[in-house]
Number of protein chains: 2
Amino acid sequence: MSTCGSSANNECSGPRKAGRPSDVTKRQGIIDMAARHFFEHGYAATAIEQIAADAGVSKVTIYNQFGDKRALFAAAVACECEKLRGHFSLDAMPQGTIRERLTAIGEAICAFLSRPEMIQFDRRIAAETETEPAIGEVFLDAGPRRMKHGFAAYLRYCAETGELVLDDPELAAEQFVSLCKGMDDLERRFGAAVTPENFERRIAGAVDVFLAAYGVACHR
Amino acid sequence: MSTCGSSANNECSGPRKAGRPSDVTKRQGIIDMAARHFFEHGYAATAIEQIAADAGVSKVTIYNQFGDKRALFAAAVACECEKLRGHFSLDAMPQGTIRERLTAIGEAICAFLSRPEMIQFDRRIAAETETEPAIGEVFLDAGPRRMKHGFAAYLRYCAETGELVLDDPELAAEQFVSLCKGMDDLERRFGAAVTPENFERRIAGAVDVFLAAYGVACHR
DNA sequence: GACAAAGTGAACGGCTCCGTTCAATTAAAC
DNA sequence: GTTTAATTGAACGGAGCCGTTCACTTTGTC
């Protein structure tokens with residue numbers, strides 16, 4: 001479904017190697033299925049043979065293409081992070097008052113972060129980061145930091161248009177996102193059920209506090 | 001070193017069983033070593049034989065006392081959560097202006113949460129919560145929720161003395177803690193190094209924002 | 001001292017799974 | 001058609017580890 005594996009496949013300069021070329025769709029199928037298993041059941045609890053079976057592929061093919069279980073896991077993580085990159089665009093900015101826009105943004109961010117797949121992905125990456133610090137780094141760059149910088153740029157823009165009064169957009173971005181998340185992502189990481197009624201109140205509270213600190217009304 | 005295992009050991013009513021009594025210090029040693037291994041290397045990566053060896057105990061003794069690997073893990077989690085309970089007291093409240101007090105509290109909370117053992121414990125519990133939801137629940141009650149309620153009570157007290165203006169202490173408590181943490185606990189969960197310079201700025205920023213929203217100055 | 005239960009050490013069965021090897025098959029490039 | 005390389009199925013070696021059994025020792029209580 002995704003096209004993550006195309007990053008290192010462009011061998012344009014090399015002469016076309018003779019013989020049967022490796023099946024790209026198979027490779028992608030393996031990565032997709034590996035991601036599914038790794039992020040659902042954890043690294044240790046996932047058997048390569050199972051991935052192979054579910055991807056309709058021989059186990060040997062996996063070892064030929066990736067060489068190692070860890071390498072396959074790394075590929076799956078990289079692919080998933082690549083998908084993440086597409087999720088932070090500033091194109092479709094909501095309209096309305098600054099309060100309405102912040103509310104919409106807060107809702108979007110929370111909805112994005114509280115998807116069950118996201119929670120599980122978070123858990124897995126965190127657990128594996130210990131044995132493979134590079135994995136955590138890749139995720140941080142593809143996800144949280146990217147989101148933070150994008151949002152900070154928007155806040156800076158708002159400051160330039162005079163809708164907000166702030167001198168440290170990065171800090172303000174962190175603060176707003178943290179306010180929106182509250183302790184809810186924590187609760188969810190530890191299995192608590194989602195509480196939609198708290199959701200609204202939390203976002204509204206976040207916007208209130210944020211505007212109290214950075215809104216123009218307070219600084220007149 | 002800790003005395004967590006004493007919760008279910010009070011068999012006061014039963015007649016003293018004949019024969020050799022089970023060694024409580026051994027039991028505690030097993031739990032301590034189990035916690036060490038489980039939280040450092042993960043559940044799956046921990047071998048019971050290793051725990052037994054490091055605790056100076058036979059593997060059979062572990063199976064006699066706990067019956068199961070999962071049960072041993074659960075005992076270790078329960079013990080660690082018990083330790084957590086002692087860490088949230090409102091006794092030694094700092095003095096000074098409300099700003100100084102909030103700053104001190106924020107620093108204490110962040111210092112407590114960013115201890116490496118805490119980060120690892122967090123990761124492990126989150127990962128195992130999936131297969132054993134009860135574990136996550138136990139942790140939430142012993143840690144985050146407890147801290148939140150305790151701090152909310154303090155905020156309510158501050159509101160009663162007129163130092164703060166707020167009508168939802170629980171929400172405000174969440175907001176303050178979230179502001180203090182920022183995205184730093186996230187970064188640390190994914191292996192990023194600690195940045196002491198950001199630490200100060202983040203706490204100061206949190207107090208600024210919080211007081212802008214809930215301080216008496218803004219509501220006069 | 002007799003008894004009963006707890007602890008020990010060693011060995012074992014059984015299971016899962018990683019990673020490899022090998023001969024056979026398939027599919028593209030030339 | 002020939003060549004080259006990818007893919008496959010099956011089987012294997014080896015490792016790690018869970019949980020059990022058993023005979024034996026230790027350490028308390030009665």
Side-chain angles (χ1 to χ4, degrees), chain A residues 5 8-9 11-34 36-38 40-76 128 131-132, chain B residues 5 8-9 11-34 36-38 40-76 128 131-132:
Chain A
N9 278 8
E11 276 281 357
C12 308
S13 57
R16 247 208 190 77
K17 283 187 292 183
R20 180 179 178 181
S22 68
D23 193 332
V24 189
T25 75
K26 273 195 202 306
R27 184 187 176 87
Q28 194 55 49
I30 293 170
I31 292 183
D32 285 345
M33 202 52 73
R36 179 109 130 241
H37 277 88
F38 280 138
E40 254 173 40
H41 312 115
Y43 178 81
T46 297
I48 286 206
E49 307 217 35
Q50 193 59 53
I51 296 175
D54 289 0
V57 156
S58 168
K59 180 173 63 161
V60 188
T61 301
I62 294 186
Y63 277 98
N64 282 342
Q65 295 228 14
F66 299 92
D68 209 330
K69 191 184 182 182
R70 290 222 73 84
L72 176 59
F73 181 71
E128 291 324 315
T131 61
E132 204 96 4
Chain B
N9 276 7
E11 276 282 355
C12 308
S13 57
R16 246 207 192 80
K17 282 186 292 184
R20 179 179 178 180
S22 67
D23 192 334
V24 189
T25 76
K26 274 195 201 306
R27 182 186 177 89
Q28 193 55 49
I30 293 170
I31 292 184
D32 285 345
M33 203 52 73
R36 178 109 130 241
H37 276 88
F38 280 138
E40 255 174 41
H41 311 116
Y43 178 81
T46 297
I48 286 207
E49 306 216 36
Q50 194 60 53
I51 296 175
D54 289 0
V57 156
S58 169
K59 181 173 64 161
V60 189
T61 300
I62 294 185
Y63 277 98
N64 281 343
Q65 295 228 12
F66 299 92
D68 209 331
K69 192 184 184 185
R70 289 223 73 85
L72 176 58
F73 181 72
E128 292 321 317
T131 60
E132 204 97 4

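Keep in mind it's a predicted model, so treat the numbers as computed, not measured. Residue numbers begin at 1 in each chain, while the letters A, B, ... track the order of the sequences.
Closest approach of A/A52 and A/S58 over heavy atoms only: CB-C, 4.0 Å. The heavy-atom pair separating A/A55 from A/G29 by the smallest distance is CB-O, 4.0 Å.
In this entry the distance linking CZ of A/R27 with P of D/dT8 reads 14 Å, nearest Å. Atom CG in B/L72 sits about 15 Å away from atom C1' in D/dC17, given to the nearest Å. If you take OH of A/Y43 and C1' of C/dT16, they are 15 Å apart, rounded to a whole angstrom.
For A/K59, the salt bridge (Lys or Arg N to Asp or Glu O under 4.0 Å) partners at least two apart in sequence or on another chain are A/E49. The side chain to side chain contact (heavy atoms under 4.5 Å, CB included) test applied to B/E40 returns B/R36, B/Q120, not counting sequence neighbours.
For the atom pair B/D32 CG and B/I51 CD1, the distance stands at 11.5 Å (nearest 0.5 Å). Annotation: the span from A/D54 atom CG to A/I30 atom CD1 amounts to 12.0 Å, rounded to 0.5 Å.
Side chains of B/Q28 and B/V24 form no contact here, defined as non-hydrogen atoms less than 4.5 Å apart.
Residues from residues 60-70 of chain B lying near DNA chain C, meaning a heavy-atom separation below 4.0 Å, are B/V60, B/T61, B/Q65 in numerical order. Of the residues in residues 47-54 of chain A, none has a non-hydrogen atom less than 4.0 angstrom from any atom of DNA chain D.
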Atom pairs, N/O to N/O, protein against nucleotides 25-28 of chain D, distance under 3.5 Å?
residue : atom : partner : partner atom : Å
D/dT26  : O2   : B/R20   : NH1          : 2.7
D/dT27  : O4'  : B/R20   : NE           : 3.3

Quick one: side chains of residues 62-74 of chain A, donor-acceptor pairs under 3.5 Å with protein atoms, not counting sequence neighbours, listed by atom name and distance.
residue : atom : partner : partner atom : Å
A/Q65   : OE1  : A/R27   : NH1          : 3.1
A/K69   : NZ   : A/Y43   : O            : 3.2
A/K69   : NZ   : A/T46   : O            : 2.9
A/R70   : NE   : A/E132  : OE1          : 2.8
A/R70   : NH2  : A/T131  : OG1          : 3.4

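If B/K26 and B/K59 are placed on DNA chain C by their nearest nucleotide, the residue sitting closer to the 5' end is B/K26.
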